[in-house]
Every structure is written in C-alpha cells, then in structure tokens.
Engineer: 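The structure's right below; bear with me while I get my questions together.
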Number of protein chains: 2
Amino acid sequence: MRVADLPGRPCSLAAALQLVGERWALLAVREVALGNHRFSDIARGTGAPRDRLSARLTALVAAGVLERRPYATAPPRSGYHLTAAGRDLVPVLQALLLWGERWAADRPAVRLHHETAGHGDHPVDGTWTCRTCGEPLAGARPTLTPAGRTLLGLPPEEDPR
Amino acid sequence: MRVADLPGRPCSLAAALQLVGERWALLAVREVALGNHRFSDIARGTGAPRDRLSARLTALVAAGVLERRPYATAPPRSGYHLTAAGRDLVPVLQALLLWGERWAADRPAVRLHHETAGHGDHPVDGTWTCRTCGEPLAGARPTLTPAGRTLLGLPPEEDPR
DNA sequence: GGCGGTCAGTTTGGATGTCCAACCGACTCC
DNA sequence: GGAGTCGGTTGGACATCCAAACTGACCGCC
C-alpha cells in the first residue's frame with residue numbers, strides 16, 4: 001500500500017482503511033477472532049450477504065489479514081484464520097467495540113470484561129499507552145510529522161476562528 | 001441505535017460501524033480532530049468528493065459525533081467540531097493509525113511522536129491497556145456476553161477442526 | 001463597477017458497489 | 001433415493017460513488 005498514492009493527506013490511517021475499511025470487513029475479522037472459521041458461520045455471525053462476504057474474505061486474504069487453511073479434501077474446504085496482522089487488529093476491534101458500547105448501542109449488548117489478580121473481574125476501560133514512557137497517548141501534545149503537519153495526538157484545543 | 005435490529009450477532013461493534021463505518025467518515029473525523037473545521041479543508045485533507053463529504057458530515061452530525069458551529073453570518077457558514085463522542089473516537093483513530101503504520105503503509109508516512117519530561121521526544125510505541133488494572137488487554141481472557149456467547153478478548157486458541 | 005477568488009455545498013451522468021434470491025457441484029447422513 | 005451441508009457463483013434490481021461542472025452569496029482589489 002503506497003501511502004503517497006492515496007487521496008488526501010498521506011496517513012497510515014487512510015492506508016489502514018483501504019485494507020479493512022470496506023463494509024463487513026471488520027465484522028468478518030471479528031467473527032474469525034471469535035473462532036468462527038467457516039464461511040457459513042461467518043455469514044451467520046455478520047449477517048452479510050454471501051456474495052459480499054465472499055469478496056471481502058478474498059480481499060482480506062490478499063491484504064494479509066486472514067489466511068485460508070484447508071480442513072477437508074474430499075470436497076475441498078478451507079477455513080479462514082487470523083494472520084499476525086489480523087491478530088494485531090484485535091485492539092482496533094476492542095477500541096471500536098468500547099466506543100460503540102458507550103455511544104452507539106442502545107444498551108450494552110456485549111460487554112468486555114477482564115479478570116486480573118489485583119482487581120478481580122471488572123469492565124474493561126481501554127486506553128492507549130506508550131510503552132516507552134508509560135504515559136497515555138491521549139495526553140500527548142500534538143507533534144509534527146516529517147512533512148511538518150500536525151498530527152493525531154490530542155484533539156487540538158479549540159481555536160475560535 | 002437498536003443493537004437488536006442489526007443483522008448478524010448483536011454487538012456494539014456493528015452499532016459503531018453503523019455510525020462511523022461508511023467510507024470517508026473516519027477520515028473526516030481525523031481532519032476535524034487535527035483542527036480542520038471547514039468544509040473545504042476537510043475535503044482537501046481527506047480527498048473525498050464533495051458530495052460524499054457533505055452526506056457524511058450530515059450523517060456524523062446526526063449521529064452526534066460532530067456538531068456544526070456557525071462562524072460567519074454574512075454568507076451563513078459553519079464549521080464542524082468534535083462532540084464528546086467525537087473526542088472519544090480518537091483512541092479508535094490511534095488504534096487504526098498504529099495498525100496501518102505497521103501493516104498497511106509502505107513506509108511510516110506519519111509517525112506518532114510523544115514528548116514527556118522523563119523520556120524527552122520519542123516515537124510512540126502504543127499498547128492497548130486497561131485503565132482500571134493497568135494490564136495490557138491483549139492478554140485478557142475471552143469472557144461471556146449476557147447472552148452466553150464468547151466475545152472479543154483474545155483471539156481464542158486455534159481449534160484444529 | 002468589474003474581475004477574480006473563496007466558500008459550502010448541489011447537480012449531473014456514468015461507473016461501481018451492494019443486496020437478495022436462486023442456483024450449483026461435491027459431498028454426508030438417514 | 002432424498003434431504004441437508006458446505007462454499008461459494010450467477011443474475012438482475014437497486015443504491016452508492018465518483019469527477020467535474022455549476023450555484024449563489026459573499027469578499028478584496030483596483
């Protein structure tokens with residue numbers, strides 16, 4: 001994916017959306033992450049029409065997010081599995097899920113829970129943290145890209161034009 | 001957004017995608033988060049066709065992600081600003097941006113930088129963390145939804161069907 | 001006053017994407 | 001033999017998408 005070829009601002013966000021931004025793509029990845037590897041299960045879980053799903057899965061395999069793995073030869077059948085890139089997409093799905101729980105869903109249909117020794121079972125409150133310094137990213141000052149543009153860090157303070 | 005009305009598995013992820021999953025929507029939010037509040041600036045930054053952008057912005061305002069704020073009356077002009085829901089979307093954009101940098105972009109077109117007292121200026125090495133317990137979420141055990149289905153936590157261990 | 005430019009869209013016609021129902025071949029189960 | 005499963009493909013109707021041109025209200029300049 002050549003970032004420079006994308007329309008608009010050259011940005012990895014646009015590149016990511018090019019690969020997984022089409023309709024049903026992220027839902028298909030969710031189903032595979034949940035352990036549904038077969039075409040019909042993914043179709044049922046997402047509600048996507050079968051022809052659209054077929055096109056999306058092919059594209060996701062081409063993009064390196066999913067891989068096909070045969071599980072039967074008699075009639076040749078293969079399931080879809082996450083690649084490393086696909087597994088790396090799970091935090092993205094979690095972030096969108098949490099946002100949807102808070103702002104899109106009428107009621108928390110599905111809740112992310114977490115169980116740790118220190119805090120027992122608790123609802124997940126996800127945030128991005130910088131592994132180098134341990135600080136949350138949301139508090140970062142906007143900085144400059146190589147091209148000298150401001151860039152995603154904190155939504156910049158409102159400028160009252 | 002009634003989760004039960006969505007096709008497929010009732011899930012806040014689907015609800016979220018219903019609001020911000022259409023083409024150009026997240027890029028438009030990115031532009032507003034970067035401080036571009038005017039229609040033409042958003043069009044330039046995203047590269048979206050103007051009619052599509054017009055439709056998306058209207059939908060995002062209806063969804064409560066953006067709000068219009070007048071800044072001129074002579075020809076009536078208003079800019080787009082983030083609501084609380086829109087600001088909450090920033091971690092999602094960061095998640096996709098970091099994923100895109102790693103898996104989608106040919107070269108790191110845009111780099112997240114971070115400046116803190118302890119570590120000076122350094123590239124961001126983002127990790128998705130639970131704010132309640134401080135543990136990384138990627139290691140979380142999958143848990144059950146109210147309806148008794150498994151749910152997004154860790155991609156479940158491969159079951160060799 | 002006339003000229004060009006900005007701004008936030010809308011309009012146009014044609015390309016592309018999406019949906020749905022039906023169908024298919026190669027199997028398995030009863 | 002008949003029904004069902006599985007992973008798709010096909011066809012046709014419909015919606016969305018696109019680039020480019022257009023609108024109409026303003027603004028600054030000379």
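Order of the sequence lines fixes the chain letters, A, B, ..., with proteins taken first and strands second; residue numbering starts at 1 for each chain. Computed from a prediction, not measured in an experiment: that's the story for all the values here.
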Engineer: Would you tell me if any nitrogen or oxygen in the side chain of A/Arg56 comes within less than 4.0 Å of OP1 or OP2 on C/dT18?
Structural biologist: yes
Engineer: Closest to the A/Phe39 side chain: C/dC7, D/dC26, D/dG7?
Structural biologist: D/dG7
Engineer: Round to the nearest Å and state the distance from B/Leu53 atom CG to C/dT10 atom P.
Structural biologist: 11 Å
Engineer: Rounded to the nearest angstrom, tell me the gap between atom CG in B/Leu57 and atom C1' in C/dG9.
Structural biologist: 11 Å
Engineer: Out of C/dG17, C/dC27, C/dG9, which nucleotide sits closest to the side chain of B/Arg68?
Structural biologist: C/dG9
Engineer: Is B/Arg50 side chain donor-acceptor paired with the D/dA19 base, going by distance under 3.5 Å alone?
Structural biologist: no
Engineer: Side-chain N or O of B/Arg23 versus OP1/OP2 of D/dC18: is the shortest distance under 4.0 Å?
Structural biologist: yes
Engineer: If you go through the side-chain atoms of B/Arg52, does one of them form a donor-acceptor pair with the base of D/dC17 closer than 3.5 Å?
Structural biologist: no
Engineer: Would you indicate which nucleotide in C/dA8, D/dC18, D/dG8 comes nearest to any side-chain atom of B/Arg38?
Structural biologist: C/dA8
Engineer: Mapping A/Pro76 and A/Asp51 onto DNA chain D by nearest heavy atom, which one lands closer to the 5' end?
Structural biologist: A/Pro76
Engineer: Please report, rounded to the nearest Å, how far the C1' atom of D/dT5 is from the CD1 atom of A/Ile42.
Structural biologist: 16 Å
Engineer: Pick the closest DNA chain C nucleotide for A/Glu22 and for A/Arg77 by heavy atoms, then say which residue is nearer the 5' end.
Structural biologist: A/Glu22
Engineer: As a test of understanding, state which of A/Val65, A/Leu60, A/Leu57 forms a side-chain contact (heavy atoms from CB on, under 4.5 Å) with A/Tyr80.
Structural biologist: A/Leu57
Engineer: Quick one: closest heavy-atom pair of A/Trp24 and B/Pro7, and the distance?
Structural biologist: CH2-CG, 4.0 Å
Engineer: Tell me whether the OP1 or OP2 atom of D/dC17 has a side-chain N or O from B/Trp24 closer than 4.0 Å.
Structural biologist: no
Engineer: With side-chain contact (heavy atoms from CB on, under 4.5 Å) as the test, pick out the partner of A/Glu67 among A/Val32, A/Thr83, A/Leu82.
Structural biologist: A/Thr83
Engineer: Phosphate oxygens OP1/OP2 of C/dT6: is one of them under 4.0 Å from a side-chain N or O of B/Ser40?
Structural biologist: no
Engineer: Specify the closest pair of heavy atoms between B/Leu96 and A/Ala16, including all atoms of both residues, with the distance to one decimal.
Structural biologist: O-CB, 3.6 Å
Engineer: Look at A/Arg44 together with A/Glu31 and state whether they make a salt bridge at an N to O cut-off of under 4.0 Å.
Structural biologist: no
Engineer: Grab the OH-C1' distance between A/Tyr71 and C/dA26 for me, whole Å please.
Structural biologist: 13 Å
Engineer: If you only use heavy atoms from C-beta on, which nucleotide in D/dG7, D/dG24, C/dC19 is closest to the side chain of A/Pro49?
Structural biologist: C/dC19
